[in-house]
Amino acid sequence: MKTGRIAALLLLAGLAGPAMAAQCEAEIEANDAIQFNKKSIEVPKDCKKFTLKLKHTGKLPKASMGHNWVVSKTADVQGVANDGIAAGLDKEYLKPGDARVLAHTKVIGGGESDSVTFDTGWLKPDGDYTYFCSFPGHSTAMRGKLTLGK
Ligand code: ZN
């Protein structure tokens with residue numbers, strides 16, 4: 001009986017833990033093989049702000065294998081990526097002032113990292129958001145879904 005109660009208490013504590021401390025941050029890695037290491041990232045619904053850390057685990061410089069982390073509505077990805085290529089590396093491969101870009105890091109090279117903290121007000125439960133790398137030629141392979149947790 002006694003062991004049963006302790007086990008129940010431990011179980012309750014374990015369940016309460018994650019709910020009380022929402023992780024309003026995530027880390028994603030990018031490599032020299034034009035890949036992100038995550039296919040999706042969920043933002044807990046209690047997070048008013050969210051921090052994304054991008055880490056480039058490769059060795060190649062940003063001029064040839066640069067990566068950034070850009071979020072837009074899924075329907076806008078192609079347009080944002082195309083305009084970003086035209087804007088060039090100086091502009092982080094994003095058109096300056098592009099309102100379709102909801103959040104983004106800068107472009108980094110191998111061994112570097114960058115992070116961005118953004119307000120989550122635009123993130124709707126029924127919205128369709130994609131994160132991707134806007135470096136020329138990367139947006140097809142390097143992309144995933146950003147979702148709002150329940
Ligand atoms: Zn990239």
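Each ligand, and each atom within it, is numbered from 1 in the order the structure gives. Any value given below was found using the heavy atoms of this structure, including those in side chains, with hydrogens, waters and symmetry copies removed. Not measured: the values here are computed from a predicted model.
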Any chance you could lay out the salt bridge (Lys or Arg N to Asp or Glu O under 4.0 Å) test for Lys95 and Asp83, step after step, and finish with the verdict?
-> CA-CA 6 Å; Lys95 186 173 82 176; Asp83 289 349; 3.6 Å; yes
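- Two rings, from Tyr129 and Trp122, have their centers less than 6.0 Å apart.
- When the Zn ion (ligand 1) is compared with the N/O/S atoms of His67, atom ND1 turns out nearest.
- In this pair, Phe135 and Tyr93 present their aromatic rings perpendicular. The plane angle is above 60°, beyond the 30 to 60° band.
- Taking the Zn ion (ligand 1) as the corner point, the angle from Cys133 atom SG to Gly66 atom O is about 100° (rounded to 10 degrees).
- Looking only at N/O/S atoms, His138 comes nearest to the Zn ion (ligand 1) through ND1.
- Note on ring orientation: taking the six-membered ring where Trp is involved, the planes of His67 and His56 are tilted (angle from 30° to 60°).
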